[in-house]
Amino acid sequence: MNSEQTKQLQEWKLKYIKLNPILLILMGLVLIAFGIVSQTVDIEYEYISTRYDEICAQKNSCIINIDVPSKMKSPVFFSYEVSSFFQNTDKYFNSIPYDQLYGDSDFDTSICDQYKTNQEMGKTLSVTGKALAQDEIAIPCGIAAYSYMNDEFSLIKDGKQIPITDKGIAWESDREKFTNINLDKQWIDMESERFINWMRPSPLSRFRKLWGRIDQDLESGKYTVNIQIKTNDAFTETKKYVLLHNNGQFSDPILVITLPCLCIGPFLIIFGLINLIYWGKKQNLIKKYRIY
């Protein structure tokens with residue numbers, strides 16, 4: 001490599017080093033600005049939440065009232081929210097037997113930890129109503145499946161039940177993977193989209209799962225929600241809510257847009273400034289901006 005090529009390479013390195021911190025700072029400023037603007041722009045987002053664990057405590061069923069202040073255009077999404085429940089621990093995450101969920105009955109059962117058999121899972125009947133052998137491996141097994149939040153809901157207005165479909169509420173990529181093995185030996189339909197949504201772990205201790213979709217407008221007024229409590233002792237210390245909203249999988253624009261932008265933006269600026277100071281000090285020690 002001749003001297004001219006060496007000089008060009010050194011100049012390119014210097015420009016590259018100086019450009020990175022500037023880009024990081026600019027990206028941080030853009031994210032912060034976008035996060036602030038996202039809260040000033042009128043996002044057509046409607047969200048109604050009602051807590052029900054206190055009302056339904058020690059009951060197998062209960063009724064709660066929901067007030068819809070203004071008309072909600074279809075599709076309207078029905079979700080449940082759980083707080084103080086940790087799907088993000090290593091033990092919980094590692095207990096998900098993905099091979100089994102994807103239709104393979106020959107898998108490493110040690111993944112399921114203390115919830116391997118139907119007896120340990122507390123399951124006695126299959127999806128088709130047949131008795132389950134208590135010493136057989138549960139389908140599905142594991143802590144995540146054991147803690148499945150399977151409360152059932154029905155929405156009623158003026159004595160008429162509002163249809164809530166469970167089709168098309170899970171990610172398509174998940175729907176393509178989850179496969180039943182043998183319904184006569186399964187305690188749940190593993191292709192149920194409500195179950196699929198539950199088996200996608202949440203990174204936060206407070207999270208929402210899409211339960212259904214309402215394909216009609218909801219007029220303003222009073223609604224009642226009939227709840228059948230079917231969850232187990234995994235939810236004794238949690239708070240549970242039902243939600244009506246109109247933004248599908250992304251249950252809250254604040255969590256999806258604003259918070260990530262306002263958290264990542266400052267980090268990029270700080271990281272960019274650190275790099276800028278570091279390379280600035282280094283350049284002061286280099287004569288005539290030459291790189292050795």
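These numbers come from a predicted model, not from an experiment. Values below: every heavy atom of this structure, side chains too, minus hydrogens, waters and symmetry copies.
Here the side chains of C112 and P97 are in contact, with some heavy-atom distance below 4.5 Å. Proximity of P140 to F195: side-chain heavy atoms (C-beta onward) are separated by under 4.5 Å at one or more points. Residues K73 and N246 are not in side-chain contact: their nearest non-hydrogen atoms beyond the backbone lie 4.5 Å or more apart. Residues T238 and D53 have side chains not in contact (no heavy-atom distance under 4.5 Å, counting atoms from C-beta outward). I139 places none of its side-chain heavy atoms less than 4.5 Å from the side chain of W187. The side-chain heavy atoms of V242 and S49, taken from C-beta on, include no pair separated by under 4.5 Å. Residues V127 and M190 fail the side-chain proximity criterion, which asks for heavy atoms closer than 4.5 Å.
Checked by atom type and distance alone, the side chain of R194 pairs as donor or acceptor with a backbone atom of W211 at under 3.5 Å. In terms of modelled atom types and a separation under 3.5 Å, the side chain of Q114 and the main chain of I143 share no donor-acceptor contact. No side-chain donor-acceptor contact under 3.5 Å links E136 to the backbone of T117. In this structure, D189 contributes its side chain and E191 its backbone to a donor-acceptor pair below 3.5 Å. Judged purely by atom type and a 3.5 angstrom limit, Q134 uses its side chain to pair as donor or acceptor with the backbone of L132. Side-chain N or O atoms of E219 include none that pairs as donor or acceptor with a backbone N or O of K71 at under 3.5 Å.
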Margin query: Quick one, L29 with I269, criterion side-chain contact (heavy atoms from CB on, under 4.5 Å). Give me CA distance, side-chain angles, the key distance, then yes/no.
Written below: CA-CA 7 Å; L29 291 172; I269 292 175; 3.7 Å; yes

Check: Yes or no on side-chain contact (heavy atoms from CB on, under 4.5 Å) for D135 and N118, after CA distance, side-chain angles and deciding distance?
Finding: CA-CA 6 Å; D135 59 345; N118 288 314; over 6 Å; no

Checklist line | Derivation and outcome, side-chain hydrogen bond (donor to acceptor under 3.5 Å, both in side chains), residues S147 and Y92 | finding: CA-CA 10 Å; S147 63; Y92 190 97; 3.0 Å; yes

Next item on the list: Start with the C-alpha distance between S154 and Q161, add both sets of side-chain angles, then the distance that settles side-chain contact (heavy atoms from CB on, under 4.5 Å), and finish with yes or no.
Entry: CA-CA 7 Å; S154 59; Q161 184 169 331; 3.9 Å; yes

Next item on the list: Under the side-chain hydrogen bond (donor to acceptor under 3.5 Å, both in side chains) rule, what do N60 and Q228 come out as? Steps first, then yes or no, please.
Entry: CA-CA 6 Å; N60 294 325; Q228 299 295 320; over 6 Å; no

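Between F267 atom CZ and I270 atom CD1 the span is 8.5 Å, to the nearest 0.5 Å. Atom-to-atom distance recorded for C141:SG and I96:CD1 is 11.5 Å, nearest 0.5 angstrom. The distance from atom CD1 of I162 to atom OG1 of T224, rounded to the nearest 0.5 Å, is 9.5 Å. For the atom pair NZ of K185 and CG of N180, the computed distance is 14.0 Å after rounding to the nearest 0.5 Å. Atoms OG and CG, on S74 and D217 in that order, are 4.5 Å from each other to the nearest 0.5 Å. Between the CG atom in L243 and the CD1 atom in I48 there is a gap of 9.5 Å [rounded to 0.5 Å].
Applying the ring pair (Phe, Tyr, Trp, His ring centres under 6.0 Å) test to Y52 and every residue at least two apart in sequence or in another chain returns F153. Listed by chain and number, the residues in a salt bridge (charged side-chain N to carboxylate O under 4.0 Å, His left out) with K130 are D184 (sequence neighbours excluded). Every side chain to side chain contact (heavy atoms under 4.5 Å, CB included) that K167 has, sequence neighbours left out, goes to T165, E193. Qualifying side chain to side chain donor-acceptor pair (under 3.5 Å) partners for E152, counting only residues two or more places apart in sequence or in other chains: K230.
Note: the hydrophobic cluster containing L183 does not contain M199 (ILVMFWY, side chain heavy atoms under 4.5 Å, direct or indirect links). A single hydrophobic cluster is not seen to contain both F107 and I181; linkage of ILVMFWY side chains at heavy-atom distances under 4.5 Å, directly or through other members, places them apart. Clustering ILVMFWY residues whenever any of their side-chain heavy atoms sit less than 4.5 angstrom apart, transitively, puts F78 in a cluster other than the one holding Y47. Linking Ile, Leu, Val, Met, Phe, Trp and Tyr residues whenever their side-chain heavy atoms come within less than 4.5 Å leaves Y146 and I111 in two separate clusters. Hydrophobic clustering (ILVMFWY, side-chain heavy atoms < 4.5 Å, transitive): M149 and V225 are in one cluster.
In this structure, Y115 and M121 approach most closely via the heavy-atom pair CB-SD, 3.6 Å. The nearest pair of heavy atoms linking S202 to Q87 is N-OE1, 3.0 Å. I55 and K59 get closest at one heavy-atom pair: O-NZ, 3.3 Å. Considering all non-hydrogen atoms of both residues, P75 and D215 come closest at CB-OD1, 4.1 Å. The two atoms that bring L218 and V76 nearest to each other are CD1-CG1, 3.9 Å, heavy atoms only. Between W171 and N197 the shortest heavy-atom distance is N-OD1, 4.4 Å.
Open room surrounds CZ on F271; 12 or fewer heavy atoms of other groups in view lie less than 6.0 Å from it. No more than 12 heavy-atom neighbours from other residues, nucleotides or ligands sit within 6.0 angstrom of CZ on F93.
Residue E81 forms a salt bridge (Lys or Arg N to Asp or Glu O under 4.0 Å) with just one option from K240, K239, R206, K209, and that option is R206.
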Side chains of residues 61-69: which donor-acceptor pairs under 3.5 Å do they make with residues two or more places apart or in other chains?
none

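The side chain to side chain donor-acceptor pair (under 3.5 Å) contacts involving residues 104-113 comprise D108-S110, where partners must be two or more places apart or lie in separate chains.
Ring orientation note: the planes of F207 and F85 are nearly perpendicular, at an angle over 60° on the 30°/60° scale.
Here F178 and Y102 bring their ring centres to under 6.0 angstrom of each other.
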